[in-house]
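The structure appears right after this line, and notes come after that.
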Amino acid sequence: MSLKKNLLKNGFATLINKGIKIAEQLLLVPFFISAWGAAYYGEWLTLTIIPSIIGFSDLGFGTAAANSFILKYAGNEKQEAANISKSGFLSVNIIVVSAMLLSLLIIVILNYYNVFEKSLIHKEDAILAVIFLMFAKVLGFYQPLNEAYFRAARKASLSINLGGLNSGLNLVVGLIVLLCKGSVVIYAFSNLIIAVVFTIFYTIMARLILPIAKEFKGEVLQSDIKTIFHKGFGFLLSPVWQAIFFQGTTFVVRIVLGPVAVTIFNTVRTFTRAVNQANSMVIATVLPELQYEMGAGNFAKARKIFRFGLTIITIIAVTGVVFLYLGGPWFYELWTRKALNPPAMMWNIFIIGIVFNAIWWMSSDVLIAANKPYEFTIAGVIAALLAVLISYFLSISFGLTGAAIGSLFLDIFLFAYVFPRSCKLLEQPITSLIGDSITDCKVLLKNIKK
């Protein structure tokens, strides 16, 4: 299948999947409140923090194994790919068992300190629900390596569609449980059942799509396991720097400027970064094909895909900047019902960061696809720490505008660091990037006219 068809299929599947996930996040809220009440639902949201944190435990190891597998398979090193698959699943099994034991230990500790006693949710129900949610989240650790089979077989769109099916099942079953006034235990247990069934189904489908084990018998190699864990810790730094940046800047605004300022700062940041949702769909569309071509050594194609993705997200970002500059304040007032009044300079600073953010985000995924997490995540940690410090000192003198400058610093810093490194990795001269992109557009227009 041609690259264009793959990109179109990936884009369509990503669009549907994103729509289902948004519906899952937004549609269930009124049903939660109707079935359980606002206070009870608030307690439920508090409980779900624990499984969410557990989910970070594998935000790296499965991805590291998956990237290694795709790059080896695309590079026609299929025996090595089979070995990584075997070693990767053993590594993920170790992480899954460890995460389950850690989950139970966390429950015991929280119960010992009577944390569940303070909840509106009955203690036994709260404990059971959290355990079910934790185990459901842990089963998701198998997804990256399973997904790698689809990407290696150039069937990424099918994997995305199956992910949408999983989200859709959670949405439908969740609605049924809430409409029937089901308890938190039943709701959490339904999540676990869907996770078990989907993981088994997804694993079987992955092996059918790419039956590499029939040709190459993989071996568990200690060197592969060491590489997976080494790379995995690199990927694990991603949620670390994000937590430092987002939570750190929020904390700084709170201690310097107060709770109302926190509300203004976070709502403006959330509103202006809505453009990221569109960019994330573009990146999810091009990344599977970009990674495969890099693994196959087809850097000419990889550069073309990179330029295509970069062009689209830059257009989206610039359009977003213009829209937010001209009409953003009106929509923000409508959204917040005129309850908040952010400084104009703060608003404009957040808008400026959108273009820088779009470019470094796309560029960082090149390093991720190449399985070079440390080249990005270490820079992310440094940038996050500096951004928090800048936000602190400038917010003392310039209020919310100073805090916004800290956020802009992070985007400019990562743009200046990540973008050149990604271009160097792809052997794409920065000086000819714009010219090459214009040439790509001309060729595309000629093909459309034909």
Side-chain angles (χ1 to χ4, degrees), residues 20-29 31-33 35-36 39-63 92-147 163 166-178 182-200 202 232 235-236 238-240 242-243 246-247:
I20 294 173
K21 286 188 175 181
I22 291 174
E24 186 181 6
Q25 292 171 356
L26 300 180
L27 188 61
L28 288 177
V29 173
F31 291 93
F32 274 119
I33 296 173
W36 297 345
Y40 199 86
Y41 175 52
E43 293 285 51
W44 168 255
L45 290 176
T46 304
L47 287 177
T48 59
I49 292 174
I50 305 170
S52 298
I53 293 174
I54 290 294
F56 287 140
S57 303
D58 183 60
L59 201 63
F61 301 104
T63 303
V92 174
N93 286 336
I94 293 171
I95 297 297
V96 166
V97 173
S98 301
M100 286 185 172
L101 293 174
L102 176 62
S103 300
L104 294 175
L105 178 61
I106 290 173
I107 294 295
V108 171
I109 293 173
L110 293 177
N111 186 47
Y112 177 79
Y113 285 102
N114 298 317
V115 172
F116 298 107
E117 299 283 355
K118 303 171 185 177
S119 174
L120 292 175
I121 301 173
H122 194 271
K123 175 181 173 181
E124 283 72 20
D125 288 349
I127 291 174
L128 274 176
V130 171
I131 289 174
F132 291 152
L133 287 179
M134 282 179 166
F135 285 5
K137 188 71 82 172
V138 167
L139 288 175
F141 292 178
Y142 289 105
Q143 183 171 341
L145 195 47
N146 281 328
E147 184 183 0
N166 183 41
S167 298
L169 281 172
N170 277 304
L171 174 61
V172 172
V173 173
L175 283 172
I176 293 172
V177 171
L178 294 173
S183 67
V184 292
V185 175
I186 295 175
Y187 184 86
F189 186 68
S190 68
N191 270 253
L192 177 58
I193 293 299
I194 292 172
V196 171
V197 173
F198 178 76
T199 300
I200 294 171
Y202 194 56
F235 284 111
L236 196 59
S238 185
V240 170
Q242 291 180 60
F246 288 107
Q247 304 307 321

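Every value quoted in this text rests on a predicted model; they were computed, and no experiment measured them.
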Going by heavy atoms in the side chains, are L128 and E124 under 4.5 Å from each other?
no

Using the side-chain contact (heavy atoms from CB on, under 4.5 Å) definition, which of the options L192, I194, T199 pairs with V196?
L192

Taking atom OH of Y187 as the centre, report whether more than 12 heavy atoms of other residues, nucleotides or ligands fall under 6.0 Å from it.
yes

Check: S238 side chain, F235 main-chain N or O, donor-acceptor pair, under 3.5 Å:
no

Would you say V184 and E43 make side-chain contact, with heavy atoms under 4.5 Å?
no

Partners meeting side chain to side chain contact (heavy atoms under 4.5 Å, CB included) with E117 (sequence neighbours left out):
N114, K123

Would you please classify the geometry between the W36 ring and the Y40 ring as parallel, tilted or perpendicular, with 30° and 60° separating the classes?
perpendicular

To the nearest 0.5 Å, what is the distance between CG (N170) and CD1 (I193)?
12.0 Å

Is there a side-chain contact between M100 and V96 (heavy atoms, below 4.5 Å)?
yes

side-chain contact (heavy atoms from CB on, under 4.5 Å) between V92 and F61: does it pass, once the steps are laid out?
CA-CA 7 Å; V92 174; F61 301 104; 5.8 Å; no

Go through the structure and list residues passing side chain to side chain contact (heavy atoms under 4.5 Å, CB included) with I176, not counting sequence neighbours.
V172, C180

If I take atom CG from residue L102 and atom CD1 from residue I107, how far apart are they, to the nearest 0.5 angstrom?
10.0 Å

